[in-house]
Structures are given as structure tokens and as C-alpha cells.
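No experiment lies behind these values; they were computed from the predicted model shown.
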Amino acid sequence: MKILVLDPRAGDRVTDLFIIDPNRRTVDAMRLNYAPEMQLDASSRELLIVETDLYEGAANDATTYWLRMYDAETFRRVREVETPVRPMYAGYPNRSTRVRSSVSGRYVYMQELCTHPERLDLYRTWLRRYDRRLDVLERGIPCIDSCSVDFGTLGTSDEDIFFHLTCEEPNTIAFARFSSADIEFVRLTDFMTARTYTLQETCGSWFDAPTQSLFCTTREGSIYRARQPPAASALWLRLPIEEPRTVPLQHVHSSRGRLFVGVARDRHERSLSLVSEVWEIAIDDATIQQVIALPSPVINFVTAENTPLLLGVDPYRSALYFMDLTSGKLLDQITDLGMTPAEVQVVP
């Protein structure tokens, strides 16, 4: 097992990716470019990176956008493809949501962002996908005129995708197919006016592949379960929390038949997208198993599928924490890890 920690270096033009071997206690660093996002493609054993090359002092049209693929064992680059403009300014500092591999691993999906043809205040999102077999970059048929909290692949087909929407379509999941203009919109809550941001708006999501369920959280602690029609989508659980405790943006994760939701203890933590607690919930019956108190607030956490570990990164203390899910206790930590470690992922 290796652990990957992405450090945007407080907004520098470059980013550090730390590659950690927890058994040997080694930390290697790999330099990436501006505003990268990463995803592990388990089927091909490749690390997918979308990033931007900025050229200091050059004209704007010198900026280029890339999909780069690295071997997940050696971390040597095996392929790269130049892509259209990517929505790097609409991303989230604590979780990569703009690159996904398809179910079979043949395709790599990424988002393309452009302005709406009739409205300057509205973005239009298309999907591109790279076909590994044919070595071509394709543009999908469906487009979404709304901001996206998350997107990904689902089902058993390489064509099936979902978008978790906000802005013009708050609390809405869009189910689509790459080669079809048909989109099924599933509203998770009662109608909410566009661009009305409240504690009740869904602000994070995680797709649980074994149950084919998309779990979406609100800041007030409601968790919705969305599935492709005709399956039902509805409120799944309401965490027993009250203000000032809230669920910040993108603090949800699932593995080992459990859903893990991060909770901020006060408004200060929420404003920085930090959490001090992680709530563990059984997916089969929606029962709360435990609440794990963290050593200090973290901006991102994940769990490992084959080991009872929870890993969290604190950008202010430059620390990576190893938590035992069995006891809820701190097992180990790595400190002085870069400048602002912001995202962690596991390579089994």
C-alpha cells in the first residue's frame, strides 16, 4: 500500500505530490503543475492527473491543459493527452472531482467548461473522454447548464455518468449517458430557488460502487441516497447534530460497507472546510457505529478498503494522521509534510 498526498503549496504555480510508503516510513516527492486533480484507475493501475501548464510572461493562449497518466507502481509517466480548457477555478481544494475512469478502464472522463452561448453568468459543462484503445479524445453529447459538486461513472456500462448539481439546479442529481442527449434529473429535496445557498443544500457526495448509491450530504447533517431511476432516491439519515456543528463541503467517503461523514465543530472550522470528527455509519441499515475524534481538524480524509485505517491531512500543521477504525485512536502521524497538504488517496 502507498499513500498519496497532494500539496498545492498555498496556491503556487506548481504542486507537490508526496508518495508515502507507510511500512518503510519513506516519503518521496513528485512535482506536478498548476491546480492538478488526481484519481487512481484501479483497473489499469494508473494514476490519472489533470493539470495546467502555465507559462510565466507568455500570452494567455500559451496556457495548456493536460491529462497525464502514471504507472501506479513506479509513478513514471506512461501517456499524456492535451485537453480543452478544464474547470480548474471551480474545483475543490480538498477533493479531486474532475477526472474519473470508466467501469472497464477503457475510458478516462474529464470535464470541459465553457460559457453559455446566451448567458454570460452561466457556465456550460461538457464531458470529454480519452479512449485508451483508440488513442482519441471524444466529446460527449450531453451538456449541463449548472455548476457541479461532483461527477462520476456508475453502473456496469462505460456510458453511464452522473452529475451532482448546484447553482442553477440545487439538490439535483443528473443521470446521463455519454453518447445520448437524454438526461434524467432527480431532485433530492423540496424545490429550492436557484443560487440560494443554505444549510439544506447538498454540498458533498460520494458514489458507493457496491450498492450503486450516491450519498449526498447537506451542511445541517442530512444524508440523501440517490440511485438511477426507477430506483427510489430519498432522505437516508439525519445526523443528530445541531449548530454550530455542521458538515462542510466534500467531507464524505465510503468503504468496507460503511459511510464516513466529517463534521465541523464550529463555524470557524466550517469556513475553512475542516472537520474535527468523522461519523461512521453502516450502509446496510443506516445505523451510526461510532464518532471518531481527530487529533486536529483535517481538510480531507479517506479510509482504506483492506485495512482498518482512516487517513486525514491537516494543512495548517502539515500533518498526515493514521487513525485506527477499530478503536478510533491515533496510531501514527507524519509531520512537516510539505506546505499545505490538502488531499489524500490510497493506492492498495
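Shown here is H116, whose NE2 atom has more than 12 heavy atoms of other residues, nucleotides or ligands within 6.0 Å. The number of heavy atoms from other shown groups lying within 6.0 Å of CG (D121) is above 12. With a 6.0 Å radius and a threshold of 12 heavy atoms from other residues, nucleotides or ligands, E82 has its CD atom above the threshold. Within a 6.0 Å sphere centred on CG of L134, other residues, nucleotides and ligands contribute more than 12 heavy atoms. Other residues, nucleotides and ligands contribute only 12 or fewer heavy atoms inside 6.0 Å of the CZ atom of R133.
Electrostatic pairing of E184 and R177 does not count as a salt bridge here, judged by no charged N lying under 4.0 Å from a carboxylate O. Between R9 and D16 a salt bridge is recorded (basic side-chain N to carboxylate O distance below 4.0 Å). A salt bridge links R187 with E169: the distance from a Lys NZ or Arg NE/NH1/NH2 to an Asp or Glu carboxylate oxygen falls below 4.0 Å. With respect to the salt-bridge test (charged N to carboxylate O, under 4.0 angstrom), the residues E343 and R95 do not qualify. A salt bridge is absent between E51 and R86; no separation between the charged side-chain nitrogens and carboxylate oxygens falls under 4.0 Å. The existence of a salt bridge linking R124 and D145 is confirmed by a sub-4.0 Å separation between a basic side-chain nitrogen and an acidic carboxylate oxygen. With salt bridges taken as basic N to acidic carboxylate O contacts below 4.0 Å, one links R265 and E277. Using a 4.0 Å cut-off between charged side-chain N and carboxylate O, E46 and R132 make a salt bridge. At a threshold of 4.0 Å, the pair D336-R317 does not count as salt-bridged, since none of the basic side-chain nitrogens sits closer than that to a carboxylate oxygen. Under the 4.0 Å criterion applied to side-chain N and carboxylate O atoms, D208 and R227 are not assigned as salt-bridge partners.
Here the rule is ring-ring contact (aromatic ring centres under 6.0 Å, His included) with F207, and of F151, F163, F162 only F162 fits it. Considering L17, V78, V347 in turn, L17 is the only one that fulfils the side-chain contact (heavy atoms from CB on, under 4.5 Å) rule with L47. Evaluated for a side chain to side chain donor-acceptor pair (under 3.5 Å) with Y130, the options R106, E138, R79 yield exactly one hit, R79.
To the nearest 0.5 angstrom, L32 atom CG is 10.5 Å from D53 atom CG. Summarising the geometry, atom CG belonging to L154 is positioned 5.5 Å from atom CD belonging to Q212; distances are rounded to the nearest 0.5 Å. Remark: L310 CG to H253 NE2 distance equals 8.0 Å, nearest 0.5 Å. Atom CG of L48 and atom CE of M110 lie 8.5 Å apart (nearest 0.5 Å). Here R77 contributes atom CZ and D71 contributes atom CG; the two are 13.5 Å apart, rounded to the nearest 0.5 Å. Summarising the geometry, atom CZ belonging to R225 is positioned 3.5 Å from atom OG belonging to S213; distances are rounded to the nearest 0.5 Å.
Here the shortest heavy-atom pairing between I292 and G328 reads CG2-O, 3.9 Å. What you find for T15 and D7 is that their closest heavy atoms are CG2-O, 3.0 Å. Taking all atoms of both residues into account, the shortest heavy-atom contact from I283 to S254 is CD1-CB, 4.3 Å. In terms of heavy atoms, A174 sits closest to I183 at CB-CG2, 3.8 Å. Scanning all heavy atoms of the two residues, the minimum distance from C203 to P248 falls at SG-O, 3.9 Å. Here the closest non-hydrogen pair linking E269 and A264 is OE1-CA, 3.4 Å.
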>> Does D284 form a salt bridge (Lys or Arg N to Asp or Glu O under 4.0 Å) with R258? I'd like the steps, not just the answer.
In response: CA-CA 8 Å; D284 59 355; R258 297 288 193 265; 5.3 Å; no
>> Does T303 form a side chain to side chain donor-acceptor pair (under 3.5 Å) with S255? I'd like the steps, not just the answer.
In response: CA-CA 7 Å; T303 56; S255 69; 2.4 Å; yes
>> Before you tell me yes or no, could you show the steps for T218 and Q200 under side chain to side chain donor-acceptor pair (under 3.5 Å), namely the whole-Å CA-CA distance, both residues' side-chain angles and the distance that decides it to 0.1 Å?
In response: CA-CA 5 Å; T218 70; Q200 290 77 42; over 6 Å; no
>> Between D21 and T26, does the side chain to side chain donor-acceptor pair (under 3.5 Å) criterion hold? Intermediate values first, please.
In response: CA-CA 5 Å; D21 186 325; T26 58; 4.7 Å; no
> Should Q289 and T287 be marked as a side chain to side chain donor-acceptor pair (under 3.5 Å) after you check the CA-CA gap, both sets of side-chain angles, and the distance that decides it?
Replying inline: CA-CA 6 Å; Q289 302 298 297; T287 57; 2.8 Å; yes
>> One pair to check against side-chain contact (heavy atoms from CB on, under 4.5 Å): I161 and Y109. What are the steps and the verdict?
In response: CA-CA 9 Å; I161 52 180; Y109 283 94; 4.1 Å; yes
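Counting only heavy atoms from C-beta outward, the side chains of I241 and W279 approach each other to under 4.5 Å. By the 4.5 Å heavy-atom criterion applied to side chains, D158 and T153 are not counted as neighbours. Using a 4.5 Å heavy-atom threshold, the side chains of L4 and F18 count as separate. Residues F322 and I334 are in side-chain contact: their nearest non-hydrogen atoms beyond the backbone lie under 4.5 Å apart. Side-chain atoms of P295 and Q333, non-hydrogen and from C-beta on, never get closer than 4.5 Å to each other. Using a 4.5 Å cut-off on side-chain heavy atoms (C-beta onward), P36 and T52 make no contact. Residues P170 and M192 form a side-chain contact, since some pair of their non-hydrogen atoms from C-beta on lies under 4.5 Å apart. Taking 4.5 Å as the limit, some side-chain heavy atom of Q345 sits within range of a side-chain heavy atom of Q39.
Side-chain N/O atoms of E201 and T166 include a donor and acceptor closer than 3.5 Å.
Ring-centre distance between F178 and Y107: not below the 6.0 Å cut-off. In this structure, Y224 has its ring center no closer than 6.0 Å to that of F215.
Under the 4.5 Å side-chain heavy-atom criterion for ILVMFWY residues, a single connected hydrophobic cluster contains both V313 and L274. Cluster annotation: W206 is connected to V261 through the hydrophobic network of ILVMFWY side chains, with a link wherever side-chain heavy atoms come within less than 4.5 Å. No path of Ile, Leu, Val, Met, Phe, Trp and Tyr side chains, each step under 4.5 Å between heavy atoms, connects I281 with L235, placing them in separate hydrophobic clusters. Residue V278 is grouped with residue M323 when hydrophobic side chains (ILVMFWY) are merged at heavy-atom distances under 4.5 angstrom, including chains of intermediate members. The hydrophobic clustering, which links ILVMFWY residues whose side-chain heavy atoms are closer than 4.5 Å, places L294 and V344 apart.
The backbone N or O of Y123 lies less than 3.5 Å from no partner atom in the side chain of T115, so there is not a single donor-acceptor pair. In this structure, E280 contributes its side chain and F260 its backbone to no donor-acceptor pair below 3.5 Å. Judged purely by atom type and a 3.5 angstrom limit, T340 uses its side chain to pair as donor or acceptor with the backbone of A10. At least one donor-acceptor pair closer than 3.5 Å links the side chain of Q250 to the backbone N or O of V149.
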